[in-house]
Amino acid sequence: MVALSDKEVTKAQHVEEVILSHLQTHEEIVNSGEFAKANGLEHDLLLSVVQSLHGFNYVEAQDIKKEAWVLTEEGNSYATLGSPEVQVFKAIPLEGISREDLQKKLDVSVFKIGFAKAMGNKWLETKPLVSRKVSNVEDQVQQQLVHIRNGQDLAAADIDALKKRKLIIPLIWKGYSIRKGTSYAPKRTKAATDLTREVLQRGTWKDLVFKDYNYNALGQPTEGGHLHPLLKVRAQFREIFLEMGFEEMPTNNFIESSFWNFDALFQPQQHPARDSHDTFFLQVPEKAQFLPEDYLQRVKEIHEHGGYGSIGYGYNWKREDAEKNVLRTHTTAVSSRMLYKLAQDGFTPKRYFSIDRVFRNEAVDRTHLAEFHQIEGVVCDRGLTLGDLIGVLNEFFSRLGIRKLRFKPAYNPYTEPSMEIFSYHDTLKKWVEVGNSGMFRPEMLLPMGLPEDVSVIAWGLSLERPTMILYGIDNIRDLFGHKVDLKLIKSNPICRLGMR
Amino acid sequence: MPTVNVGRDRLYEALQQHYSEEEFDELCFDFGIELDDVTTEKAIIRKEKHLQEDTLEDEEIIYKIEVPANRYDLLCLEGLARALRIFTGKQGSPTFSLSSSAIQKMYVQPETALIRPYVVCAILRGITFNQARYNSFIDLQDRLHQNLCRKRTLVAIGTHDLGTLEGPFTYEALPPSEIKFVPLKQRMEFTAEELMDFYKSDLKLKKYLHIIESSPVFPVLYDSKRTVLSLPPIINGAHSAITLQTKDVLIECTATDLTKAKIVLNTLVTMFSEYCEKKFEVEPVEVISSDGNATIYPDLHVRSLEVDLAYINGYIGVSLQSKQVIDLLNRMQLPSEATIGSNGKSKIKALIPPTRSDVLHPCDVVEDVAIAYGYNNILKTLPRSLTQGKQQPLNHFSDLLRSEIAMAGFTEVLTWILGSEAENFWLLNRKHKEHTGVIVGNPRGSDFERVRASLLPGLLKTMGHNKDSPRPVKLFEVSDVVLLDNTKDVGAANERHLAALYCNTTSGFEVIHGLVDRIMEVVGISNAAVGDTKGYYIAPSNEPEFFKGRQANIILNGSCIGSFGIIHPQVLANFDILDPCSVVELNIEPFL
């Protein structure tokens with residue numbers, strides 16, 4: 001509702017007084033329109049006052065609807081100047097006139113409409129000059145229009161004719177009939193809606209009647225901004241890792257060479273994941289400019305001929321393939337850089353984690369996008385066992401509230417053993433895959449220069465999947481990307497992952 | 001992961017046991033394969049043709065089973081059932097042998113080096129096919145072609161009815177016009193040249209044409225009577241096609257990768273020698289290379305791998321005796337024995353059969369011990385070393401800043417790194433900056449052409465898609481863009497940016513200006529006079545994406561770190577935004 005100005009408030013109070021005092025002595029105000037006219041009040045203002053009085057049961061108002069007719073702009077002009085056909089008729093001198101001259105005497109549209117109409121009425125002759133066929137005409141149209149302007153009624157046929165000529169349009173007139181309401185009083189005592197400073201200072205709060213609060217309505221929305229739900233979940237995962245003593249890896253490098261993304265991980269160059277329909281390759285910058293040369297030789301050797309107890313893959317390893325830049329397909333590319341660096345700096349036990357964007361050149365659908373966030377955990381230490389991996393995973397997932405885990409043998413080119421992680425889904429009543437894990441192969445670790453007794457256990461999962469489950473989102477695009485629903489971002493609850 | 005379709009009833013017959021679906025699912029889980037789907041042959045066809053589902057009672061039930069990508073020996077029913085029989089202790093591992101001497105010879109001509117240099121061969125004598133075995137034999141070749149053979153580029157398989165041919169054989173490379181034969185499923189003779197044209201419209205074969213198409217010579221195999229065996233990797237000849245009546249099968253694998261050719265050949269013969277008169281016996285073929293060296297194929301030798309018992313136990317976190325390990329490995333098709341090393345330590349000598357090309361390193365043996373032991377029987381332990389949790393300063397700082405921006409009333413969005421060339425440049429009036437960005441070489445569509453160099457397209461697209469949101473709309477994102485950078489090994493580097501957008505019935509230029517001031521306030525940088533090299537100030541700019549006279553650069557310690565302004569009306573129209581917007585984008589790394 002629009003707020004009223006002070007002047008309007010005073011006017012409204014006046015209207016209210018007139019209505020209430022009239023009802024003191026009268027049973028009913030039959031028609032609010034006529035009442036307004038009789039008392040010199042604005043009808044619109046009266047309506048809003050009645051609505052308010054009705055709301056507080058001072059009066060009982062009943063709708064009256066009437067269809068009235070008003071003149072269009074064209075109708076208005078004819079009511080004043082006469083209908084165009086009569087204007088045309090009157091413009092013709094008794095001796096007749098050429099069509100061109102007649103046209104010059106009149107307004108373009110008046111001539112056009114009026115001439116046709118007058119011909120239709122058989123008022124004119126046109127051989128060869130335009131001349132009057134009848135001596136006199138009566139302007140009924142003008143009279144009818146004037147009637148309407150004065151609010152008088154017309155025969156239905158006449159209304160139809162005027163409507164057809166678009167000279168009048170209907171106007172729905174709304175008003176009320178008004179009687180006393182259940183809480184009628186000759187003067188309104190206003191219920192207060194709020195405890196204001198003024199009320200406090202004047203001390204009038206003791207005497208005021210307070211309007212009932214609507215406990216069913218929602219409160220006023222809060223102001224302020226919102227964090228993105230996916231990143232709220234990310235924040236909780238970060239906390240879990242930090243609490244567990246994990247150090248964050250620098251993953252702010254989306255562009256990676258195939259060398260670090262694949263070759264260093266002992267992923268053979270013919271592996272299907274390295275196909276163009278799985279991986280985004282780059283046109284610019286197409287190739288890595290430098291690679292760690294002696295390490296590269298060890299990687300080449302292990303792929304081609306093996307070593308460190310391995311027979312290798314036995315194929316012709318190509319440097320060109322390793323140089324090709326890609327949008328990293330996993331953050332494990334960063335893990336391989338970190339482990340290599342750790343080997344160069346001198347080994348100490350480490351726990352690493354990262355949560356960042358990875359890219360797959362795969363078809364997109366409701367649950368898969370070409371980019372998503374990978375959560376990765378890595379533990380490197382001397383003498384780690386598969387039992388340690390299982391133990392760490394149980395610890396990690398139990399912090400997410402997932403306590404029933406089991407592990408399935410799987411295959412991954414750079415981990416051996418490899419395990420898919422399944423958790424029992426209580427609502428779906430079945431085991432669902434929640435992540436992947438394994439121990440990095442010696443063929444990956446030893447060429448880096450890590451000591452032989454060092455093992456590395458690692459696991460990964462996507463950030464999107466648990467978030468979608470957590471917030472009940474079934475289309476990933478509602479959450480991630482520009483087609484996001486801003487309401488969804490603003491209305492999701494805090495993420496309590498990791499709270500126990 | 002490859003999927004193998006096998007008939008349920010045939011599988012259970014081969015497993016000598018009936019399982020309920022749940023029981024079989026459990027068995028798969030423990031062994032490391034996955035019962036992916038239960039369907040029928042006709043349902044698969046219906047699904048392919050998008051027909052209505054209406055299963056008939058009597059249709060044969062098909063199990064779709066996912067197998068690990070490096071276990072080629074599980075790609076057919078024969079191998080899968082054999083592995084599970086051995087895993088469940090119903091049988092021991094088979095021993096494969098070669099019949100005494102090679103009768104057939106394959107001569108390799110030097111020209112093959114130009115296109116497809118390797119060939120390996122073997123013969124299955126006295127095989128008994130029936131329709132099911134025959135189908136399985138063909139399916140296995142298909143799966144190998146798709147997986148290990150990388151769509152026939154690395155290896156192509158040809159199988160022939162040896163009874164229709166006469167050795168010795170030759171492997172040659174000839175100009176396509178000189179090769180003439182009746183290909184499989186045809187009656188007419190074609191030259192290889194004509195065939196390439198003929199198969200352009202063949203849905204199945206056209207995808208292999210590129211492998212040899214541009215070569216002046218095509219690989220081809222002949223028998224001694226100049227009968228064409230095959231034109232690898234495209235098609236076999238019709239003459240030597242195998243049928244259900246075929247008794248002796250000649251297998252030839254031509255390749256650009258010899259290791260994989262040997263694995264493919266071994267997989268075929270170890271699987272299907274099961275149906276030979278002399279079970280698991282294979283007749284070798286002598287391949288004489290162009291320099292006269294003769295090699296006998298297939299190479300079925302059993303490799304032995306000695307692994308310390310302590311290594312196995314230490315890797316898994318168990319304390320098993322040699323005998324237990326041997327029992328477990330036997331169930332994984334790795335027959336083993338206990339030995340004592342020179343240092344007096346217990347060792348396990350595992351015998352790696354030709355079916356297990358996936359075993360590269362002792363750790364692969366360890367994994368098989370762990371699988372047979374049961375992953376879920378391993379005792380949970382925790383690594384004992386003390387390590388410290390630590391955040392990346394850039395991420396830590398970004399998170400603090402994100403909270404501040406949200407507290408300032410802005411709502412966070414998360415947009416894509418990949419986008420079109422148009423939205424990154426010309427829709428932003430930034431055509432002149434096109435050379436600064438990273439270009440994707442193989443985008444699937446225009447949405448993946450570029451790696452963003454700015455956060456603006458994402459914010460503007462989000463705004464364009466949220467026209468109905470109540471005004472004002474206040475959005476922000478803190479994320480990475482990628483810029484070319486010659487000092488980095490890969491030639492590009494991420495840069496952490498902050499961008500914010502305000503959209504209302506009025507431009508909100510001063511709101512965005514206020515946000516810039518607030519950002520500086522929370523990072524503790526004070527406002528400076530224009531030209532100062534300490535602190536920040538803003539200076540009028542002239543960028544085409546912004547409205548003239550309502551835009552500024554943000555100068556921090558003398559360098560420009562970003563800019564803000566009212567978005568140019570043309571840019572607004574390009575992104576389908578009806579109301580005025582102001583935005584800021586800046587690099588936050590200098591704040592660290």
Side-chain angles (χ1 to χ4, degrees), chain A residues 224-228 230 242 245-248 250 252-255 257 270 276 280-285 288-290 309-311 314-315 325 349-351 357 361 370-371 379 381 384-388 390-391 394 406-411 416-417 419 441-442 480-484 486 489-490, chain B residues 29 32 68-70 150 154 257 259 314-317 360-364 367 370-371 375-376 378-383 385 387-392 395 406-407 409-418 438-442 444 448 458 461-462 465-466 469 480 482 484 489-492 494:
Chain A
H226 308 81
L227 292 177
H228 194 279
L230 196 69
L242 292 168
F246 282 68
E247 177 182 338
E248 191 172 27
N252 54 336
N253 57 325
F254 298 153
I255 312 297
S257 61
Q270 304 83 5
S276 63
F280 286 111
F281 290 91
L282 299 185
Q283 187 184 324
V284 180
Q289 313 177 81
F290 26 89
S310 174
I311 56 168
Y315 72 100
N325 276 336
K350 285 283 182 189
R351 298 182 194 197
R357 206 83 61 106
N361 195 7
E371 42 190 291
V379 181
D381 203 347
L384 289 176
T385 66
L386 196 54
D388 289 332
I390 292 171
N394 268 292
R406 66 172 189 166
F407 303 94
K408 174 177 168 290
Y411 168 67
E416 189 82 9
M419 307 194 300
R441 292 189 72 99
F480 186 11
H482 58 276
K483 290 183 179 165
V484 67
L486 290 180
I489 297 185
K490 292 179 179 181
Chain B
F29 193 97
N70 63 342
R150 309 296 306 127
L154 302 181
D257 180 321
T259 309
Y315 216 106
I316 304 173
L360 307 177
H361 184 274
C363 71
D364 295 298
E367 184 184 60
I371 293 172
Y375 281 180
N376 299 297
I378 297 168
L379 197 68
K380 289 173 220 154
T381 49
L382 282 174
S385 290
T387 56
Q388 300 298 315
K390 207 193 279 179
Q391 307 194 48
Q392 281 295 320
N395 293 348
M407 281 190 265
F410 287 77
T411 293
E412 186 169 38
V413 294
L414 187 69
T415 64
W416 298 333
I417 311 278
L418 294 170
V438 171
I439 306 173
V440 175
N442 56 333
R444 225 169 242 272
F448 314 105
K461 282 199 294 181
T462 308
H465 273 277
N466 282 279
S469 274
D480 285 352
V482 183
L484 297 181
D489 58 350
V490 294
N494 285 25

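In what follows, chains are A, B, ... by sequence order, proteins preceding strands, each numbered from 1.
Of the atoms belonging to Phe410(B), it is backbone heavy atoms, and not side-chain ones, that fall under 4.5 Å from chain A. Residue contact with chain B, scored on non-hydrogen atoms closer than 4.5 Å, involves the backbone and the side chain of Glu416(A) alike. Only the side chain of Arg357(A) has a heavy atom closer than 4.5 Å to any heavy atom of chain B. Residue Arg150(B) touches chain A through its side chain alone, counting heavy-atom pairs closer than 4.5 Å. Both the backbone and the side chain of Ala69(B) have a heavy atom closer than 4.5 Å to some heavy atom of chain A. Both the backbone and the side chain of Val413(B) come within contact range of chain A, each with at least one heavy atom under 4.5 Å from a heavy atom of that chain. For chain A, the nearby parts of Ser385(B) are the backbone and the side chain; heavy atoms of each come within less than 4.5 Å. Residue Asp257(B) touches chain A through its side chain alone, counting heavy-atom pairs closer than 4.5 Å. Of the two parts of Gln388(B), only the backbone, made up of N, CA, C and O, holds a non-hydrogen atom closer than 4.5 Å to a non-hydrogen atom of chain A. The part of Leu379(B) that comes within reach of chain A is its backbone (N, CA, C, O), which places non-hydrogen atoms under 4.5 angstrom from that chain.
Side-chain contact check for Glu367(B) versus Pro409(A): every heavy-atom pair is 4.5 Å or farther apart. Side-chain contact between Glu412(B) and Ile489(A) is absent, with no heavy atoms from C-beta onward closer than 4.5 Å. With a 4.5 Å cut-off on side-chain heavy atoms, Asn395(B) and Glu248(A) count as touching. You'll find the side chain of Leu418(B) reaches within 4.5 Å of the side chain of Phe280(A), heavy atoms only.
Looking only at distances, no side-chain donor or acceptor of Thr385(A) sits under 3.5 Å from a matching main-chain atom of Gly314(B). Looking only at distances, no side-chain donor or acceptor of Asp480(B) sits under 3.5 Å from a matching main-chain atom of Asn253(A). Listed for the Asp489(B) side chain is no donor-acceptor partner under 3.5 Å among the backbone atoms of Ala288(A). Panel note: side chain Asn361(A), backbone Asn442(B); a donor-acceptor pair is recorded below 3.5 Å. For Asn325(A) (side chain) and Val490(B) (main-chain N/O), a donor-acceptor pair under 3.5 Å exists by modelled atom type.
For the set Asn394(A), Leu486(A), Leu230(A), the count of heavy-atom pairs under 4.5 angstrom toward chain B peaks at Leu486(A). Of the residues considered (Ser276(A), Gly481(A), Ser257(A), Ala410(A)), Gly481(A) shows the highest number of contacts with chain B, using heavy-atom pairs under 4.5 Å. Taking Phe246(A), Phe480(A), Tyr315(A) one by one and counting their heavy-atom pairs under 4.5 Å with chain B, the maximum is reached by Phe480(A). Each of Val379(A), Ile311(A), Leu242(A) has some count of heavy-atom pairs under 4.5 Å with chain B, and the biggest count is that of Ile311(A). The residue among Ile316(B), Thr259(B), Leu154(B) with the most heavy atom pairs within less than 4.5 Å of chain A is Ile316(B). Across Asp381(A), Val484(A), Leu386(A), the residue that shares the most heavy-atom pairs under 4.5 angstrom with chain B is Leu386(A). Across Ile378(B), Val482(B), Ile371(B), Asn466(B), the residue that shares the most heavy-atom pairs under 4.5 angstrom with chain A is Asn466(B). Counting heavy-atom pairs closer than 4.5 Å to chain A, the top residue among Leu382(B), Val438(B), Ile417(B) is Ile417(B). Ranked by heavy-atom pairs under 4.5 Å with chain B, the list Lys350(A), Lys408(A), Gln270(A) is led by Lys408(A).
No side-chain donor from either of Ser310(A) and His361(B) sits under 3.5 Å from a side-chain acceptor of the other.
In this pair, Trp416(B) and His482(A) present their aromatic rings perpendicular. The plane angle is above 60°, beyond the 30 to 60° band.
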